[in-house]
Peer 1: 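Okay, here's the structure, questions in a sec.
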Amino acid sequence: MHKHPQNRMLRWRPAAAALAAAVAASAFLAVPSAQANEPSDPPAVQQMPAPAPGFPLPTGHTQQAFDPASDFTSKWTRADAKQIMAQSDSTVTPGENSMSPDVTMPEIPQDFPTMNDDVWVWDTWSLTDENANQISYKGWDVIFSLVADRHAGYGFDQRHWNARIGYFFRKTNADPAKDKWNYGGHLFLDNTSIGNTEWSGSTRLMQGDHVNVFYTATTFYDIAQRNAGGGGIAPDAAIAKALGNIHADKNGVTFDGFQHTKLLEPDGKMYQTKAQNPGFAFRDPYTFVDPAHPGKTYMVFEGNTGGTRGDYKCKDEDLGYKPGDPHAENVSDVQNSGAYYQTANVGLAVADNKDLTKWSFLPPILSANCVNDQTERPQIFIQNEGGKNKYYLFTISHQFTYAAGMRGPDGVYGFAGDGIRSDFQPMNNSGLALGSPTDLNLAANAPESPSAKQNGRQFQAYSHYVQPGGLVQSFIDNVNGVRGGSLSPTVKINFRNGVSQVDRSFGRNGLGPFGYLPTNVRVGGEGLYK
């Protein structure tokens, strides 16, 4: 279905064929097909990478599932993350890509098209249902993006504190290689959302024509100063939602009637607060139902381990080395390196009512203490493997947010388990599933000030979002010095049991159309228009 996105006949099946396929899929899965994502293809080789000489062994993980309400938190350890360098080539010419092709995103051309002339576009997600199906609504595909005005006088790197949620739509039968997304404008009316800036989240179609938009309500108190190159007052952040209405006619898609509700603020115990750390992370809500726990709605989000910044003490379990490993670090050296400043986690919450207006925190499902400081835009991807649902936790992270002694690219990191709370196995033993081409032998950079010695595409794409079938979309950040603000070409990863591989037969040399987010479930028919 996703092998040749330029061929529209292969992208969409007739209704009868789709129904037959759904019946066959449900028989194979042994659970209703809607309860799991459309699975990816398997990789050519389904074995974890072999241990590399001179590097520590990865931590052993069982993938065992635990009750979502239990206090077990899986750890992405230093021993795990060390595998990124273990699997990297130390002999490449400086500035080349040192990572395996299996985890490297194909190179984006420098002459990429502009998605929209009026707004920069970055973090993007689809209209979905509670099972992460991507919804075609009355013949229209709909996506949501963080946007900022290209002509307001501030620069691309000032977009974060000017961010609004915008939306785009195009006909479901559009040719993704030729037909551009139509920009619908800001999703919410001015000055109506909670906070003065809107950051990432997710959007679910509810019953009828209702949508729930879960988003990060961020409030900056020094936007003018920041736009001028100064500022520095820490923002507030809360997780919020807006219940509104979606409409579609021959002209396109519109929204109205949004009512906003603040849902969660960090508690300071499990999830760090602004008072504890001005640079705290509390954002990116993604909600879903779990077929193993019918009737409950869960949310994953990005957080940091509770406690005052700098007070954390690295522990043996954060390092995760096997006893007697000759290449292991010791806790004292790691602590003295300053690694305790990096305390990312992936949080979990459960809805307390059917309206999804009341939520309770549960302990984090993953911590990266002394490894990394950001686990952004987490999502749960459930696919059936051998008659059993396998749960993938995908998140994104930067090379510059790793702790001292750690190295990894900007990209997608994944973890496989048997439930939403599991002893997650880092994909490919390291966690790295898809990164921009990077020479990991050189020092870490940031996209606004990359080193001329580095690979020119080390920051080509970010904010990846894994879609049904293993398709991955992202936005263009910096391609060989050309700044982005448009959606990247979609790529495809194949994965089974925690092993992944970039599918270079997809599209053209592994690159599909720009901004390719195909829908896999239709709601409301085709519409009364062509």
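All values derive from a computational prediction rather than experimental measurement.
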Peer 1: For Arg421, check salt bridge (Lys or Arg N to Asp or Glu O under 4.0 Å) against everything at least two apart and list the hits.
Peer 2: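 Partners of Arg421 by the salt bridge (Lys or Arg N to Asp or Glu O under 4.0 Å) criterion come out as none, since no residue qualifies.
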Peer 1: Any salt bridge between Asp418 and Lys390, counting N to O under 4.0 Å?
Peer 2: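 Yes.
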Peer 1: Listed by chain and number, what are the side-chain hydrogen bond (donor to acceptor under 3.5 Å, both in side chains) partners of Thr62, not counting sequence neighbours?
Peer 2: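 side-chain hydrogen bond (donor to acceptor under 3.5 Å, both in side chains) check on Thr62 returns Asp423.
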Peer 1: If the plane angle is over 60° it's perpendicular, under 30° parallel, otherwise tilted; pick one for Phe361 and Tyr271.
Peer 2: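 Phe361 and Tyr271: tilted rings.
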Peer 1: If you measure from the Lys or Arg side-chain nitrogens to the Asp or Glu carboxylate oxygens, is any gap between Lys171 and Asp141 under 4.0 Å?
Peer 2: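 No, no charged N to carboxylate O under 4.0 Å.
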Peer 1: Could you check, using the six-membered ring where one of them is a Trp, whether Phe394 and Tyr413 have ring centers closer than 6.0 angstrom?
Peer 2: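 Between Phe394 and Tyr413, the centre distance exceeds or equals 6.0 Å.
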Peer 1: Going through the checks in order, is the ring-ring contact (aromatic ring centres under 6.0 Å, His included) test met by Phe381 and Phe495?
Peer 2: CA-CA 12 Å; Phe381 186 104; Phe495 51 95; 5.5 Å; yes
Peer 1: Do you know which of Ser430, Pro426, Ser367 makes side chain to side chain contact (heavy atoms under 4.5 Å, CB included) with Trp76?
Peer 2: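 When side chain to side chain contact (heavy atoms under 4.5 Å, CB included) is applied between Trp76 and each of Ser430, Pro426, Ser367, only Pro426 qualifies.
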Peer 1: Under the ring-ring contact (aromatic ring centres under 6.0 Å, His included) test, which residues partner Trp199, sequence neighbours left out?
Peer 2: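 ring-ring contact (aromatic ring centres under 6.0 Å, His included) list for Trp199, sorted by chain: Phe220.
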Peer 1: Would you please classify the geometry between the Tyr462 ring and the His398 ring as parallel, tilted or perpendicular, with 30° and 60° separating the classes?
Peer 2: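 Parallel.
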Peer 1: Check the orientation of Phe169 and Trp140. Use parallel for under 30°, tilted for 30 to 60°, and perpendicular for over 60°.
Peer 2: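 Rings of Phe169 and Trp140: perpendicular, as their planes differ by over 60°.
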Peer 1: Mind checking salt bridge (Lys or Arg N to Asp or Glu O under 4.0 Å) for Asp477 and listing every partner two or more places apart, or none if nothing turns up?
Peer 2: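 Asp477 satisfies salt bridge (Lys or Arg N to Asp or Glu O under 4.0 Å) with Arg483 only.
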Peer 1: Quick one: salt bridge (Lys or Arg N to Asp or Glu O under 4.0 Å) partners of Glu130, sequence neighbours excluded?
Peer 2: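 Residues passing salt bridge (Lys or Arg N to Asp or Glu O under 4.0 Å) with Glu130: none at all.
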Peer 1: With sequence neighbours excluded, what pairs up with Lys241 under the salt bridge (Lys or Arg N to Asp or Glu O under 4.0 Å) test?
Peer 2: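 With sequence neighbours excluded, Lys241 shows a salt bridge (Lys or Arg N to Asp or Glu O under 4.0 Å) to no residue whatsoever.
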Peer 1: Below 30° counts as parallel, above 60° as perpendicular, anything between as tilted: where do the rings of Tyr183 and Phe168 land?
Peer 2: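 Tyr183 vs Phe168 ring planes: tilted.
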